[in-house]
Peer 1: 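Take this structure, written in structure tokens, and hold onto it; I'll ask about it next.
As the structure is a prediction and not an experimental result, all values here were calculated from the model.
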Amino acid sequence: MQIGRGSGSKAIEIPLLLIVPMLVAYVVALELSRDTLDIVVEDKNVVMGSEDSSDPTSKWLVYTSNEVFSVAGDWTRGEFYAGERFAELKPGNGYRVQVAGWRVPPINWYRKIVRIEPHASGGN
């Protein structure tokens, strides 16, 4: 009797061989997209997903004079407190923020604010 790999293990290996490199590439690309900006918050808003149960998502959006950002968790660095970061932001105040990601208008992707520091620009 030979104990070895069954045909079922191939069904697991092939997706892993595809998924793992894609995930690594995404994390590397996300790190390369990071930027530090000085912003003044003009407004902020929570945009709820559609009311049907197929889209339970919402976005925490921050409006500046140059760009709209979302506030999101940074799972690649183990930081998940987006709600607290969103609550910190006050319209009229200036912040130094670290952003990551890309703006893709057709699918409503915004660069994400992943870190916030108070900054002297803007009103206080």
Side-chain angles (χ1 to χ4, degrees):
M1 174 188 241
Q2 182 180 12
I3 299 176
R5 299 165 87 178
S7 62
S9 65
K10 289 279 188 207
I12 295 172
E13 288 177 11
I14 292 172
L16 284 178
L17 289 174
L18 296 173
I19 292 170
V20 170
M22 289 172 47
L23 185 60
V24 169
Y26 174 77
V27 170
V28 169
L30 193 63
E31 285 298 315
L32 292 174
S33 76
R34 287 185 184 272
D35 196 7
T36 301
L37 306 170
D38 292 330
I39 65 168
V40 176
V41 175
E42 291 184 351
D43 198 8
K44 66 181 192 174
N45 192 20
V46 178
V47 178
M48 302 303 288
S50 64
E51 292 185 18
D52 72 17
S53 60
S54 66
D55 185 13
T57 61
S58 62
K59 290 182 177 146
W60 296 330
L61 299 180
V62 176
Y63 303 91
T64 71
S65 62
N66 297 324
E67 190 173 348
V68 177
F69 299 95
S70 68
V71 178
D74 188 4
W75 63 268
T76 62
R77 292 189 176 185
E79 297 172 1
F80 305 104
Y81 302 104
E84 286 83 354
R85 278 196 301 278
F86 184 74
E88 281 180 47
L89 296 168
K90 306 292 182 215
N93 287 0
Y95 301 90
R96 176 158 288 156
V97 297
Q98 187 176 81
V99 298
W102 308 271
R103 173 71 173 117
V104 184
I107 54 177
N108 287 328
W109 276 5
Y110 301 93
R111 291 202 292 173
K112 296 171 182 63
I113 295 175
V114 294
R115 211 167 272 213
I116 298 169
E117 298 174 25
H119 194 264
S121 65
N124 278 342

Peer 1: Measure the CZ-CZ distance between R85 and R115 for me, rounded to the nearest 0.5 Å.
Peer 2: 8.5 Å

Peer 1: From W60 CH2 over to L89 CG, what is the distance, rounded to the nearest 0.5 angstrom?
Peer 2: 11.5 Å

Peer 1: Honestly curious: do V28 and V114 fall in one hydrophobic cluster under the side-chain, below-4.5 Å linking rule?
Peer 2: no

Peer 1: Run the salt-bridge test on E67 and R111 with the 4.0 Å N-O cut-off and return the result as yes or no.
Peer 2: yes

Peer 1: Taking the side chain as every heavy atom from C-beta outward, state whether V62 and F86 have any pair of such atoms under 4.5 Å apart.
Peer 2: yes

Peer 1: Just wondering, are more than 12 heavy atoms of other shown residues or ligands nearer than 6.0 Å to CH2 in W109?
Peer 2: no

Peer 1: Restricting to non-hydrogen atoms, name the atom on P91 and the atom on E42 that form the minimum distance, rounded to 0.1 Å.
Peer 2: CB-O, 3.7 Å

Peer 1: Hey, does N93 have a side-chain heavy atom less than 4.5 Å from the side chain of V41?
Peer 2: no

Peer 1: Ignoring hydrogens, what is the shortest heavy-atom contact between A82 and A72? Give both atom names and the distance.
Peer 2: CB-C, 3.5 Å

Peer 1: Are any non-hydrogen side-chain atoms of Y95 and K90 less than 4.5 angstrom apart?
Peer 2: yes

Peer 1: Should V71 and F69 be counted in the same cluster of Ile, Leu, Val, Met, Phe, Trp and Tyr side chains packed under 4.5 Å apart?
Peer 2: yes

Peer 1: Between I113 and I39, is any pair of side-chain heavy atoms under 4.5 Å apart?
Peer 2: yes

Peer 1: What are the two closest non-hydrogen atoms of Y110 and V68, and how far apart are they?
Peer 2: CD2-O, 3.5 Å

Peer 1: Please answer whether the main-chain N or O of N108 pairs with a side-chain N or O of K59 as donor and acceptor at a distance below 3.5 Å.
Peer 2: yes

Peer 1: Can you tell me how far CD of E88 sits from CD1 of I116, rounded to the nearest 0.5 angstrom?
Peer 2: 5.0 Å

